[in-house]
Amino acid sequence: VPLPAAPGGVAHAGEILVGRTGMRQAFLWAFGDKPPAMGPACTETTEASACIALLGRDVLRITEKLTSLDLGDPAAAVPFLKLGPFAHVTCQIVVLGNDPHSSAVLVACSRGFGHDLVHAVLQAGKEFGLRPAGERRLETFLASRENARKPKAPARKPVGKSGPRSRNKS
């Protein structure tokens, strides 16, 4: 996965997200069962972080109740990263989709705030029917995004078959 050129940029490939937090720092989030190969330039912090995903039609309405950051900016090219408060907790927020009818937002924070963050999100989403869906739902979403970005193969004509024949009577 290529490192985004500018802070706030996010690159996505398969179950890997890379976000540029500053000129000299980035994060790598890996979802799924297989951990990525990491070199000496990486610090593994899985046990220090909590990450939640909000997927669906009312996500931006829920996030508006929890942060002053504009996650639904239609001029912003997705995916993008914002750093700032979410439910009064400093978080890394990745917006994968900001269509009001089908949005996707990932929120990561220090693990110690995870319990309170989950409860704040569930409370804010109660009026919209928000409910837990599990990690597999996020993995399915990421895989569908990856498949949607792959170029479609052009339709092929069947070999040896032609269109309907006309019968000329002479």
Side-chain angles (χ1 to χ4, degrees), residues 1-4 7-21 25-36 38 42-74 76-150:
V1 179
L3 184 64
V10 175
H12 167 245
E15 295 178 336
I16 304 288
L17 287 171
V18 176
R20 188 81 178 251
T21 55
Q25 284 188 320
F27 66 78
L28 179 133
W29 292 345
F31 300 96
D33 297 330
K34 294 181 267 177
M38 297 197 306
C42 292
T43 303
E44 201 279 328
T45 62
T46 301
E47 293 299 320
S49 302
C51 183
I52 62 171
L54 295 151
L55 309 170
R57 68 177 170 271
D58 292 313
V59 167
L60 296 177
R61 293 174 68 192
I62 295 167
T63 61
E64 285 176 350
K65 296 171 75 173
L66 297 165
T67 185
S68 60
L69 299 172
D70 186 5
L71 304 182
D73 180 3
V78 293
F80 63 88
L81 165 71
K82 295 274 188 177
L83 302 172
F86 193 89
H88 304 291
V89 176
T90 301
C91 296
Q92 297 172 334
I93 304 161
V94 173
V95 178
L96 294 173
N98 60 0
D99 175 348
H101 304 291
S102 178
S103 302
V105 176
L106 304 177
V107 181
C109 67
S110 177
R111 180 179 170 193
F113 294 106
H115 182 268
D116 294 329
L117 185 65
V118 167
H119 284 285
V121 169
L122 288 173
Q123 184 63 35
K126 194 173 190 175
E127 71 179 282
F128 303 104
L130 180 68
R131 64 187 187 281
E135 187 176 348
R136 295 292 177 245
R137 173 66 183 101
L138 173 62
E139 291 170 1
T140 301
F141 172 82
L142 291 173
S144 70
R145 277 183 51 88
E146 188 69 17
N147 289 335
R149 289 192 317 209
K150 289 181 181 174

On a heavy-atom basis, the closest approach of Leu138 and Ala53 is CD1-CB, 4.0 Å

Give a yes or no answer on whether the side chain of Ser102 reaches the backbone of Arg57 with a donor-acceptor pair at less than 3.5 Å. no

Looking only at heavy atoms, the pair that brings Val121 and Leu66 closest together is CG2-CD1, 3.8 Å

So, Asp70 side chain and Asp73 main chain: donor-acceptor pair closer than 3.5 Å or not? yes

How many angstroms lie between CG in Leu28 and CG in Leu17, if you round to the nearest 0.5 Å? 8.5 Å

pair Leu122-Leu130: side-chain heavy atoms closer than 4.5 Å: yes

Hey, could you give me the CD/CD1 distance between Glu135 and Ile52, rounded to the nearest 0.5 Å? 13.5 Å

With rounding to the nearest 0.5 Å, note down the distance linking OG1 in Thr67 to CD1 in Ile62. 14.0 Å

Do the side chains of Thr90 and Phe113 get nearer than 4.5 Å, heavy atoms only? no

What I'd like to find out is whether the side chain of Asn98 reaches to under 4.5 Å of the side chain of Leu71, using heavy atoms alone. no

Evaluation steps, side chain to side chain contact (heavy atoms under 4.5 Å, CB included), between Leu106 and Trp29: CA-CA 10 Å; Leu106 304 177; Trp29 292 345; 3.9 Å; yes

For Gly72 and Leu60, work out which heavy atoms get closest and say how close. CA-CD1, 3.8 Å

Does the side chain of Thr21 reach to within under 4.5 Å of the side chain of Leu83, using non-hydrogen atoms? yes

So does Phe27 have more than 12 non-hydrogen atoms from other groups sitting under 6.0 Å from CZ? yes

With a 4.0 Å cut-off, would you call Arg136 and Glu139 a salt bridge? yes

Tell me whether the count of non-hydrogen atoms from other residues, nucleotides or ligands lying under 6.0 Å of NZ in Lys126 goes above 12. no

Tightest non-hydrogen contact, residues Gly84 and Leu69, listed as CA-CD1, 4.0 Å

How close do Ala120 and Ala87 get, counting heavy atoms only, and between which atoms? CB-CB, 3.8 Å

Please walk me through it: do Leu81 and Arg20 pass side chain to side chain contact (heavy atoms under 4.5 Å, CB included)? CA-CA 8 Å; Leu81 165 71; Arg20 188 81 178 251; 5.8 Å; no

Spatial distance of atom CG (Leu96) from atom CG (Leu54) [nearest 0.5 Å]: 11.0 Å

Between SG of Cys109 and CD of Gln92, what distance do you get to the nearest 0.5 Å? 9.5 Å

Okay, side chain of Lys82, backbone of Ile93: is any donor-acceptor separation there less than 3.5 Å? no

If you take all heavy atoms of Val107 and Val105, which pair is closest and at what distance? CG2-CG1, 4.0 Å

